[in-house]
Amino acid sequence: MEEQEKKARPAEDAEKEAPPAEGAGTDADLSAALSKAIEAEAAAEARAKELEDKAAGLEGKLALAVRQYDRLQGDFDNFRRRTRTEQAEAKDKTTAEVVKEFLPVLDNFDLALSHMEKDEAGVAYVKGFVMLKKQMEKVLEGFGVTEIEAAGAPFDPHVHEAVMQVPAPDKEDDTVAMVFQKGYRMGDRVIRPAKVQVVHNG
(Lines give C-alpha, C1' and ligand atoms only; values in the text may rest on other atoms or scores of the structure.)
Protein backbone atom coordinates (compact mmCIF):
# COMPACT_ATOMS: atom_id res chain seq x y z
CA MET A 1 0.00 0.00 0.00
CA GLU A 2 2.74 2.45 0.94
CA GLU A 3 4.55 1.71 -2.25
CA GLN A 4 1.39 2.40 -4.24
CA GLU A 5 0.95 5.73 -2.40
CA LYS A 6 4.58 6.61 -3.06
CA LYS A 7 4.08 5.86 -6.72
CA ALA A 8 0.94 7.98 -6.81
CA ARG A 9 2.53 11.01 -5.05
CA PRO A 10 5.25 11.60 -7.59
CA ALA A 11 2.59 11.64 -10.25
CA GLU A 12 0.60 14.30 -8.36
CA ASP A 13 3.74 16.31 -7.68
CA ALA A 14 4.62 16.11 -11.33
CA GLU A 15 1.22 17.49 -12.24
CA LYS A 16 1.70 20.40 -9.80
CA GLU A 17 5.15 21.25 -11.13
CA ALA A 18 4.20 20.88 -14.78
CA PRO A 19 4.00 24.24 -16.75
CA PRO A 20 0.53 25.57 -17.48
CA ALA A 21 -1.06 24.41 -20.65
CA GLU A 22 -0.95 26.71 -23.71
CA GLY A 23 -3.67 29.46 -23.49
CA ALA A 24 -3.90 29.36 -19.69
CA GLY A 25 -3.97 32.87 -18.04
CA THR A 26 -5.06 34.65 -21.32
CA ASP A 27 -8.33 35.91 -19.82
CA ALA A 28 -6.48 37.65 -16.99
CA ASP A 29 -4.10 39.32 -19.45
CA LEU A 30 -6.99 40.47 -21.64
CA SER A 31 -8.84 41.80 -18.61
CA ALA A 32 -5.78 43.79 -17.52
CA ALA A 33 -5.23 45.13 -21.05
CA LEU A 34 -8.91 46.05 -21.32
CA SER A 35 -8.75 47.87 -17.98
CA LYS A 36 -5.71 49.82 -19.16
CA ALA A 37 -7.43 50.68 -22.42
CA ILE A 38 -10.53 51.88 -20.56
CA GLU A 39 -8.38 53.97 -18.23
CA ALA A 40 -6.49 55.45 -21.18
CA GLU A 41 -9.76 56.26 -22.96
CA ALA A 42 -11.16 57.89 -19.82
CA ALA A 43 -7.96 59.93 -19.44
CA ALA A 44 -8.13 60.96 -23.11
CA GLU A 45 -11.78 62.00 -22.73
CA ALA A 46 -10.96 63.99 -19.60
CA ARG A 47 -8.08 65.71 -21.43
CA ALA A 48 -10.30 66.43 -24.43
CA LYS A 49 -12.97 67.91 -22.11
CA GLU A 50 -10.30 70.02 -20.43
CA LEU A 51 -9.09 71.31 -23.80
CA GLU A 52 -12.67 72.01 -24.95
CA ASP A 53 -13.34 73.99 -21.77
CA LYS A 54 -10.09 75.91 -22.25
CA ALA A 55 -10.97 76.64 -25.89
CA ALA A 56 -14.45 77.81 -24.86
CA GLY A 57 -12.87 80.10 -22.26
CA LEU A 58 -10.47 81.54 -24.83
CA GLU A 59 -13.32 82.07 -27.32
CA GLY A 60 -15.26 83.93 -24.63
CA LYS A 61 -12.24 86.14 -23.88
CA LEU A 62 -11.75 86.78 -27.59
CA ALA A 63 -15.42 87.72 -28.06
CA LEU A 64 -15.18 90.09 -25.08
CA ALA A 65 -12.00 91.66 -26.47
CA VAL A 66 -13.68 92.15 -29.88
CA ARG A 67 -16.69 93.82 -28.23
CA GLN A 68 -14.42 96.07 -26.19
CA TYR A 69 -12.45 96.99 -29.33
CA ASP A 70 -15.66 97.80 -31.23
CA ARG A 71 -16.87 99.95 -28.33
CA LEU A 72 -13.53 101.76 -28.11
CA GLN A 73 -13.53 102.30 -31.87
CA GLY A 74 -17.05 103.75 -31.68
CA ASP A 75 -16.07 106.00 -28.76
CA PHE A 76 -13.01 107.21 -30.68
CA ASP A 77 -15.07 107.93 -33.82
CA ASN A 78 -17.59 109.89 -31.71
CA PHE A 79 -14.76 111.78 -30.02
CA ARG A 80 -13.20 112.63 -33.38
CA ARG A 81 -16.53 113.87 -34.79
CA ARG A 82 -17.26 115.85 -31.63
CA THR A 83 -13.79 117.40 -31.70
CA ARG A 84 -14.18 118.41 -35.36
CA THR A 85 -17.59 119.94 -34.60
CA GLU A 86 -16.27 121.80 -31.57
CA GLN A 87 -13.28 123.09 -33.53
CA ALA A 88 -15.53 124.31 -36.35
CA GLU A 89 -17.87 125.99 -33.86
CA ALA A 90 -14.93 127.61 -32.06
CA LYS A 91 -13.56 128.87 -35.36
CA ASP A 92 -16.94 130.30 -36.40
CA LYS A 93 -17.41 131.92 -33.01
CA THR A 94 -13.97 133.52 -33.12
CA THR A 95 -14.52 134.76 -36.68
CA ALA A 96 -17.92 136.17 -35.71
CA GLU A 97 -16.37 138.04 -32.77
CA VAL A 98 -13.70 139.54 -35.02
CA VAL A 99 -16.22 140.49 -37.72
CA LYS A 100 -18.45 142.07 -35.08
CA GLU A 101 -15.64 144.50 -34.25
CA PHE A 102 -15.68 145.76 -37.87
CA LEU A 103 -19.43 146.40 -38.04
CA PRO A 104 -19.22 149.87 -36.39
CA VAL A 105 -16.76 150.83 -39.13
CA LEU A 106 -19.37 149.81 -41.71
CA ASP A 107 -21.95 151.87 -39.79
CA ASN A 108 -19.65 154.89 -39.94
CA PHE A 109 -19.33 154.48 -43.70
CA ASP A 110 -23.12 154.65 -44.01
CA LEU A 111 -23.25 157.66 -41.68
CA ALA A 112 -20.49 159.50 -43.52
CA LEU A 113 -22.08 158.83 -46.90
CA SER A 114 -25.46 160.12 -45.74
CA HIS A 115 -23.84 163.38 -44.63
CA MET A 116 -21.74 163.71 -47.76
CA GLU A 117 -24.76 163.29 -50.00
CA LYS A 118 -26.45 166.21 -48.20
CA ASP A 119 -23.35 168.40 -48.30
CA GLU A 120 -22.42 169.59 -51.78
CA ALA A 121 -18.82 170.01 -50.66
CA GLY A 122 -18.61 166.29 -49.91
CA VAL A 123 -19.88 165.10 -53.29
CA ALA A 124 -16.33 164.73 -54.59
CA TYR A 125 -15.58 162.19 -51.85
CA VAL A 126 -18.78 160.18 -52.16
CA LYS A 127 -17.51 157.99 -54.99
CA GLY A 128 -14.34 157.07 -53.08
CA PHE A 129 -16.26 156.28 -49.89
CA VAL A 130 -18.76 154.14 -51.83
CA MET A 131 -15.88 152.15 -53.30
CA LEU A 132 -14.30 151.65 -49.86
CA LYS A 133 -17.62 150.57 -48.38
CA LYS A 134 -18.19 148.05 -51.19
CA GLN A 135 -14.68 146.70 -50.72
CA MET A 136 -15.31 146.15 -47.01
CA GLU A 137 -18.71 144.55 -47.67
CA LYS A 138 -17.03 142.17 -50.13
CA VAL A 139 -14.48 141.16 -47.48
CA LEU A 140 -17.27 140.50 -44.98
CA GLU A 141 -19.24 138.52 -47.58
CA GLY A 142 -16.17 136.32 -47.94
CA PHE A 143 -16.72 135.33 -44.31
CA GLY A 144 -20.38 134.57 -45.03
CA VAL A 145 -21.64 137.82 -43.46
CA THR A 146 -24.99 139.11 -44.77
CA GLU A 147 -27.28 141.95 -43.73
CA ILE A 148 -30.46 140.98 -41.87
CA GLU A 149 -33.63 142.02 -43.65
CA ALA A 150 -35.45 144.54 -41.49
CA ALA A 151 -37.24 147.56 -43.01
CA GLY A 152 -40.89 146.63 -43.74
CA ALA A 153 -40.35 143.02 -42.61
CA PRO A 154 -42.37 141.33 -39.85
CA PHE A 155 -40.73 141.81 -36.47
CA ASP A 156 -38.67 138.75 -35.49
CA PRO A 157 -37.21 138.80 -31.97
CA HIS A 158 -34.52 136.33 -33.07
CA VAL A 159 -32.95 138.83 -35.48
CA HIS A 160 -34.50 142.20 -34.51
CA GLU A 161 -34.13 144.24 -31.34
CA ALA A 162 -37.10 146.57 -30.77
CA VAL A 163 -35.91 149.85 -29.26
CA MET A 164 -39.27 151.63 -29.56
CA GLN A 165 -42.84 151.24 -30.78
CA VAL A 166 -44.73 153.69 -32.97
CA PRO A 167 -48.32 153.87 -34.24
CA ALA A 168 -48.64 153.69 -38.02
CA PRO A 169 -52.23 153.20 -39.27
CA ASP A 170 -51.00 152.62 -42.82
CA LYS A 171 -48.83 149.68 -41.70
CA GLU A 172 -49.57 146.34 -40.08
CA ASP A 173 -48.87 145.75 -36.43
CA ASP A 174 -45.57 144.10 -35.53
CA THR A 175 -43.80 145.18 -38.69
CA VAL A 176 -40.52 147.11 -38.75
CA ALA A 177 -41.22 150.81 -39.41
CA MET A 178 -37.62 152.03 -39.26
CA VAL A 179 -34.10 150.64 -38.85
CA PHE A 180 -31.84 152.48 -36.41
CA GLN A 181 -28.89 150.14 -36.78
CA LYS A 182 -28.40 147.41 -39.37
CA GLY A 183 -28.16 143.82 -38.21
CA TYR A 184 -25.87 141.14 -39.59
CA ARG A 185 -25.60 137.36 -39.52
CA MET A 186 -22.78 135.00 -40.42
CA GLY A 187 -24.32 131.87 -41.83
CA ASP A 188 -27.01 130.92 -39.32
CA ARG A 189 -25.35 132.83 -36.46
CA VAL A 190 -26.70 136.30 -35.65
CA ILE A 191 -23.66 138.40 -34.84
CA ARG A 192 -25.66 141.58 -34.29
CA PRO A 193 -29.46 141.98 -34.30
CA ALA A 194 -30.97 144.91 -36.14
CA LYS A 195 -32.14 147.73 -33.85
CA VAL A 196 -35.56 148.71 -35.10
CA GLN A 197 -38.75 150.70 -34.56
CA VAL A 198 -41.84 148.48 -34.50
CA VAL A 199 -45.40 149.35 -35.53
CA HIS A 200 -47.94 149.07 -32.73
CA ASN A 201 -51.41 150.47 -33.43
CA GLY A 202 -53.13 149.01 -30.36
Side-chain angles (χ1 to χ4, degrees), residues 20 22-109 133-151 153-163 174-176 179 181-196 198:
E22 188 176 346
T26 304
D27 290 343
D29 292 341
L30 287 175
S31 179
L34 182 60
S35 295
K36 287 182 180 178
I38 291 172
E39 289 175 2
E41 183 181 2
E45 288 180 355
R47 180 61 177 162
K49 181 69 169 60
E50 181 184 346
L51 292 174
E52 285 178 2
D53 292 343
K54 189 174 182 180
L58 291 174
E59 286 178 359
K61 289 180 180 179
L62 177 61
L64 178 62
V66 169
R67 287 196 299 272
Q68 289 176 336
Y69 172 78
D70 289 341
R71 187 161 52 248
L72 287 172
Q73 185 66 38
D75 290 344
F76 178 72
D77 290 341
N78 290 336
F79 170 76
R80 188 166 50 188
R81 279 194 296 270
R82 187 168 60 252
T83 301
R84 280 200 298 262
T85 301
E86 289 173 355
Q87 287 176 340
E89 288 177 353
K91 181 182 177 182
D92 289 345
K93 185 177 180 180
T94 302
T95 303
E97 291 298 324
V98 173
V99 167
K100 189 176 180 180
E101 296 298 318
F102 284 94
L103 296 182
V105 179
L106 200 57
D107 295 337
N108 290 333
F109 269 113
K133 182 191 173 191
K134 285 183 177 179
Q135 186 177 8
M136 187 170 183
E137 287 174 339
K138 188 174 181 181
V139 170
L140 294 177
E141 284 174 7
F143 288 101
V145 178
T146 54
E147 184 180 337
I148 294 172
E149 183 183 358
F155 175 74
D156 182 352
H158 296 101
V159 295
H160 301 144
E161 181 184 342
V163 294
D174 296 325
T175 57
V176 176
V179 178
Q181 185 182 58
K182 291 179 180 179
Y184 295 89
R185 58 159 50 96
M186 191 178 76
D188 295 329
R189 183 193 298 269
V190 175
I191 55 178
R192 189 178 77 179
K195 293 183 178 180
V196 298
V198 182

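Rounding to the nearest 0.5 angstrom, the gap separating the CD1 atom in Ile191 from the OG1 atom in Thr146 is 8.5 Å. From Lys93, atom NZ reaches atom CE of Met186 across 12.0 Å, with rounding to the nearest 0.5 Å. The distance from the CZ atom of Arg192 to the CG atom of Asp107 is 4.0 Å, given to the nearest 0.5 Å. Residue Asn78 holds its CG atom at 10.5 Å from CD of Gln73, rounded to the nearest 0.5 Å. Atom-to-atom distance recorded for Leu62:CG and Arg67:CZ is 10.0 Å, nearest 0.5 angstrom. To the nearest 0.5 Å, atoms OH (Tyr184) and CG (Leu106) are separated by 4.0 Å.
When every heavy atom of Ile148 is checked against every heavy atom of Pro193, the shortest pair comes out as CD1-CA, 4.5 Å. The two residues Val198 and Ala162 have their closest heavy-atom pair at CG2-CB, 3.6 Å. Considering every non-hydrogen atom in both Ala151 and Val179, the closest pair reads N-CG2, 3.6 Å.
Listed by first and then second residue, the ring pair (Phe, Tyr, Trp, His ring centres under 6.0 Å) pairs that reach into residues 39-79 come to none, sequence neighbours excluded.
For the salt bridge (Lys or Arg N to Asp or Glu O under 4.0 Å) test, no residue two or more places apart in sequence or in another chain qualifies with Arg185.
Between Glu137 and Lys133 there is a salt bridge, since a side-chain N of the basic residue sits under 4.0 Å from a carboxylate O of the acidic one. With respect to the salt-bridge test (charged N to carboxylate O, under 4.0 angstrom), the residues Arg47 and Glu50 qualify.
Residue Phe143 qualifies as open at atom CZ: its count of foreign heavy atoms under 6.0 Å is 12 or below. Around the CG atom of Asp188, the shell of radius 6.0 Å holds no more than 12 heavy atoms that belong to other residues, nucleotides or ligands. The number of heavy atoms from other shown groups lying within 6.0 Å of CD (Gln68) is above 12. Heavy-atom contacts from other residues, nucleotides or ligands closer than 6.0 Å to CD of Gln181 number more than 12.
Between the side chain of His160 and the backbone N or O of Glu149 there is at least one donor-acceptor pair closer than 3.5 Å.
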Inset, instruction - Output, in order, the C-alpha distance, side-chain angles, deciding distance and verdict of salt bridge (charged side-chain N to carboxylate O under 4.0 Å, His left out) for Asp77 and Arg80. - result: CA-CA 5 Å; Asp77 290 341; Arg80 188 166 50 188; 2.9 Å; yes

